[in-house]
Amino acid sequence: MQSSIANSGGSTRPNRHSGRQIWLATLVFNLALAGLALFYVVDARRMAEDEARLITENYARVLEQSVAGFIKTIDVTLQNVVDELERQQARGRIDRREMDAFVARQDQRIAETYGLRISDAEGNIIHAVSHVAGNNGRISIADRPQFIQLRDHPQTGLNIGKPVLGRISQKHAIPISRRYKHPDGSFAGIVLVSLPVDYLIRRFSQLDLGRLGNSALWDRTTVYARYSRDDPSGASTGATTPSPGLRALLEADTPDAHYSAVSGIDGIRRLYHFRRIDTYPLYLIVGLAEADYLAEWRQQTLLLTGLAGLLVVGSLLFARHAHAGWRRDEAARRQLAELNEALEARTREAETARQHSEQILASAGEGICGVDAEGRVIFINPAAREMLGWRDGDGIGEPLHALIHHHHPDASPFPVEASPTHATIRDGQRRHVEDDWYWRRDGSGFPVEYTVAPLVSDGRVVGAVNVFRDVTELRRNEALLRESEQHFRNLANSGAALIWTAGLDKGCNYFNEPWLRFTGRTLAQEQGNGWTEGVHPDDFQRCLDIYVGCFDRREAFRMEYRLRRHDGEYRWIRDDGTPRYDSQGNFIGYIGYCVDVTEQKEAAAELERYRHHLESLVEERTAALSAAKEAAEAANVAKSAFLANMSHEIRTPLNAINGMVYLIRRDGVSPKQGDRLKAIETASGHLLEILNSVLELSKIEAGKLALERIPVDPHRLIDDVVLMLGPRAQAKQLALVAGAAPLPGGLLGDPTRLQQALLNYVGNAIKFTEQGCIEIDAAVESEDADGVLVRFTVADTGIGIAPEVLPKLFNAFEQADNSSTRRFGGTGLGLAITRKFARMMGGDAGVDSAPGQGSRFWFTARLGRAAATAQASAAGDCDAASDLRRAHAGARILLAEDEALNREIATSLLEDLELAVDTAEDGAEAVRLAGERDYDLILMDMQMPGLDGLAATRAIRARPGGERIPILAMTANAFAEDRARCLAAGMDDFIAKPVDPDMLFATLRRWLAGRAG
């Protein structure tokens, strides 16, 4: 007995060790299973994310090339219009018909836009294609940001504005514009085109980004256009809140990047590719929704988790069963009383295991079906019944092959001997079938993937377990993936860019069809380092150093080299290489894009040669222009000095002549003497007219003539001209008719220059017309919110003008016939001055005439609008001399004049008004007298010997009380700068010689009345 117990005790130690091994093996198996499942899940997700990155990057590149190309086309079109505008301005005016035709031709190049428009410097649309609303010139864009930007910042090139809502179309569009300038370089307006946001939406909608994917166009703060298939209208165009990742990329001006973020617009997480559009401040974002590109991964993960769970439960049951057997062996060596308890425990455990197995089969998502050694069904789970269309109880005991696997999809027989299930029953080998076909109860079939494992009992195969799943959706997705891959290959092969990729070994593993067409070689020849055979030997080492160095540092590169084309010609290629990374951030190689830049390099070389040539020409021209400039400046100074001196020397004796005529006429003359005095006045007036014309032309050419902007009434101007020149017309028995059409009121302009231009035209018409009539007309040629363009016309029935003379008629010192000066009089300056006045006022001047048929002279002027202009009364006292005698008799006047005759005439005029007059012959004497006596007013000549009038005025003003005395300049220095110098020296007013007595009296009355008040 003791021996038996010893043997029994000796055999229990290995059994305890075997029990621990069972659980340890089960634990190791389950850990390995969990590790493999986790590795598969992580790797599958990485592959899905890598594929999504490639999809978004390829789509973004294609979109970037498309959008950038179209913007470049728009930019070239706008630049063409700017060049044409500046060319036409340089020749003097813009031909509307020619400009409209040119704009229409350019617009055809960018038919997808809303059309070309051109504004002037005030923002008014002055040209537009016929199909664009606003081509009538009544629409203003002065408040648009792009107009303000281009107007205030001359350095701005192409301006791409934020989307705006069209005032006519009520649709959002992106304004793209350029400025153009006047010949003097000042701002002239902008050329504008609007790119519809709908155009971008249509481009985005062509991308297959899944149900929740989207694409968008941004600047740094604003979404320009956005499209998602589930939201066809896109997000609202305008300012919005980007995600933090997108905001960081926009602020950093990153050229391209991948990132994952939750959209700030719809809250969906997506994997995005961010890409800047060429050199423009615009960015493309193309994203795939995580819910789309991880859908299949989640499905596979769920399936794998279920299978792994089933295996874990099965292994635990097996271990428990094995452990129970160990416990039975252990119990057999115990007391007989414990035997019943052990048997009962095993029964309970078996029932629990059965129940667990049924629960596992019921909860499994895959179809599970067990067969016996003859292939008859012994169990089947609910998932299998649902997939096969079986009701509860169907199939049990029937041959599985005859029910679901009896023939191929093409109706050909599938013998039972070829069935993988029966093969496993025969040889006990586990089998996995990825592509097969099962049949449902109703006769329909579906593709399946399944695994067959043997059922083993006591070391022999007693059946098999078939675990299968319906892969209809998987096969559909695989087909879609193949189509997507082919689509991306088509995209890569459809453009002009030469595309390559390289792996970790630095060898190239892909070249697109444009590359192969360019080199004329096959993919096999180019792969690896085969492509380097086409690189020019002089460029090879440089390219190799750049490529290897950047590859090792994981840096993007750009290099240019010569590559042999299929015809043997070497062409310059620009190659842009970019590192590629997988979803885990691991470097996987490079992708490159190449373009042919041969023409660009040749053009740059040619431009460089021209630049060197131009530099030498510029140096020569600069030296010549410098000398010419110095000579011109010296001549201009001499000319100004000559004109000032001539004006003074002519006006001084004219002042004496006019004064004497006034005094003689005042004392009373006979009719014959009156006629002679009239002749003297006429001759004096003609001489003054010639002088004023020469001076006025000189001021215009020097750019010193400033136009007034005061209320003007064209009808009144015409009436005044008729009133002034009517007697001359009547003397020749000519009818002088005013026929102006109705004109808007409240206009602003320079009435003096307008009247002078009309006087020039009407005076010439009277001079060159022997009989008939002269008609003055005014009408509105065009108008807008800021003003009107008025056309003034003077038509006569005179001698007419020969066609060959018309082109030079408006030149200075030119007349229709040089003999006209002797026959009719005149200098030939009036028409030249009229044209210059008209162009300064925003218009032009011209003539229509033929010999013997009269002439029609015209000029145009742009007059502004006044919102409310008070009509100041021009009525005044018409008898200043009487007022002076009545209100200011005895007032003491100091007259400083160095010319004795002018001093005598002025004294006589003033004393006749009962004014007390003291005279000074120079400035020093005037200063002395002003210090000795109190004067009510001082008349000061400007140019006197010794101390001139300017210095004398300053000296008087510096004395105590001298600041209160009115000092009036009465001088033959009649230039505007002379007036400015007088006022700067402290004088109060300016009277130019020759003096008009009535004007002198009115001026004296105004200043003496002010001093008395």
Side-chain angles (χ1 to χ4, degrees), residues 25-49 290-321 352-371 377-392 394-396 400 404-405 420-421 424 430-438 440 446-456 463-478 481:
T26 303
L27 176 63
V28 171
F29 171 79
N30 288 333
L31 289 175
L33 180 64
L36 288 174
L38 179 62
F39 173 80
Y40 175 83
V41 169
V42 172
D43 188 66
R45 179 172 183 131
R46 178 188 61 78
M47 292 176 63
E49 290 176 344
E290 190 175 275
D292 288 339
Y293 70 81
L294 291 181
E296 182 180 351
W297 172 81
R298 289 192 174 100
Q299 219 175 26
Q300 293 176 349
T301 300
L302 184 61
L303 174 63
L304 181 63
T305 303
L307 288 175
L310 181 64
L311 290 174
V312 168
V313 171
S315 66
L316 292 175
L317 291 175
F318 173 80
R320 186 168 183 171
H321 182 73
T352 301
R354 184 187 63 79
Q355 293 176 355
H356 286 175
S357 298
E358 290 179 353
Q359 292 174 358
I360 292 172
L361 290 175
S363 62
E366 290 76 20
I368 303 176
C369 183
V371 297
V377 178
I378 57 177
F379 66 84
I380 183 168
N381 73 335
R385 292 183 185 278
E386 182 178 355
M387 281 187 275
L388 296 173
W390 291 1
R391 296 186 299 271
D392 288 345
D394 287 352
I396 299 298
L400 179 65
I404 66 173
H405 208 199
T421 301
T424 295
R430 177 188 178 90
R431 285 175 171 81
H432 179 75
V433 180
E434 294 184 349
D435 189 14
D436 209 334
W437 198 263
Y438 279 0
R440 300 185 181 92
F446 59 96
V448 293
E449 178 182 354
Y450 61 91
T451 299
V452 180
L455 282 175
V456 179
V465 176
N466 187 328
V467 180
F468 64 92
R469 62 168 177 156
D470 186 341
V471 293
T472 302
E473 190 64 25
L474 177 63
R475 297 295 179 259
R476 182 183 297 111
N477 291 337
E478 289 174 349
L481 179 59

For the OG1 atom of Thr305 and the CD atom of Gln300, what is their distance to the nearest 0.5 Å? 11.5 Å
Enclosure of Arg430 CZ (heavy-atom neighbours >12, cutoff 6.0 Å): no
Heavy atoms only: give me the nearest Ile368-Ala384 pair and the separation to one decimal. N-CB, 3.8 Å
Just to verify, what does Ile396 make a side chain to side chain contact (heavy atoms under 4.5 Å, CB included) with, not counting sequence neighbours? Val377, Ile380, Arg385
Identify the heavy atoms of Pro454 and Thr424 that sit nearest to each other, and give their distance. N-CG2, 3.7 Å
The reported gap from CG in Leu316 to CG in Asn30 (rounded to nearest 0.5 angstrom) is 5.5 Å
With sequence neighbours excluded, what pairs up with Tyr450 under the ring-ring contact (aromatic ring centres under 6.0 Å, His included) test? Tyr438
How close do Arg298 and Ala291 get, heavy atom to heavy atom, and via which atoms? NH1-CA, 3.9 Å
What distance separates Phe446 CZ from Asp436 CG, expressed to the nearest 0.5 Å? 10.5 Å
Do NZ/NE/NH1/NH2 and the carboxylate oxygens of Arg45 and Glu290 come within less than 4.0 Å? yes
With sequence neighbours excluded, residues passing side chain to side chain donor-acceptor pair (under 3.5 Å) with Arg46: Asp43, Asp50
Supply the atom-to-atom distance Asp435 CG to Arg475 CZ, rounded to the nearest 0.5 angstrom. 5.0 Å
Measure across Gly367 and Met387 and return the closest heavy-atom pair with its distance rounded to 0.1 Å. N-CE, 3.2 Å
Measure the CD-NE2 distance between Glu449 and His432 for me, rounded to the nearest 0.5 Å. 4.0 Å
Taking every heavy atom of Ser315 against every heavy atom of Thr26, the minimum-distance pair comes out as O-CG2, 3.8 Å
Could you check whether any side-chain heavy atom of Trp437 comes within less than 4.5 Å of a side-chain heavy atom of Pro447, counting everything from C-beta outward? yes
By side chain to side chain contact (heavy atoms under 4.5 Å, CB included), which residues pair with Ile378, not counting sequence neighbours? Asp372, Leu455
Pairing residues for Thr472 by the side chain to side chain donor-acceptor pair (under 3.5 Å) criterion, not counting sequence neighbours: Asp470
What pair of heavy atoms forms the shortest contact from Ala48 to Leu294, and how long is it? CB-CD2, 3.9 Å
For Phe318, look at atom CZ and say whether over 12 heavy atoms of other residues, nucleotides or ligands are found less than 6.0 Å away. no
Measuring from Glu296:CD to Thr301:OG1, what's the distance to the nearest 0.5 Å? 10.0 Å
Note, Thr421 side chain near His405 side chain (heavy atom, < 4.5 Å): no
After noting the C-alpha distance and the side-chain angles of Phe468 and Val433, does the key distance pass the side chain to side chain contact (heavy atoms under 4.5 Å, CB included) rule? CA-CA 9 Å; Phe468 64 92; Val433 180; over 6 Å; no
Does Glu386 CD have over 12 foreign heavy atoms under 6.0 Å away? no
N/O donor to acceptor pairs below 3.5 angstrom from side-chain atoms of residues 306-313, sequence neighbours left out:
none

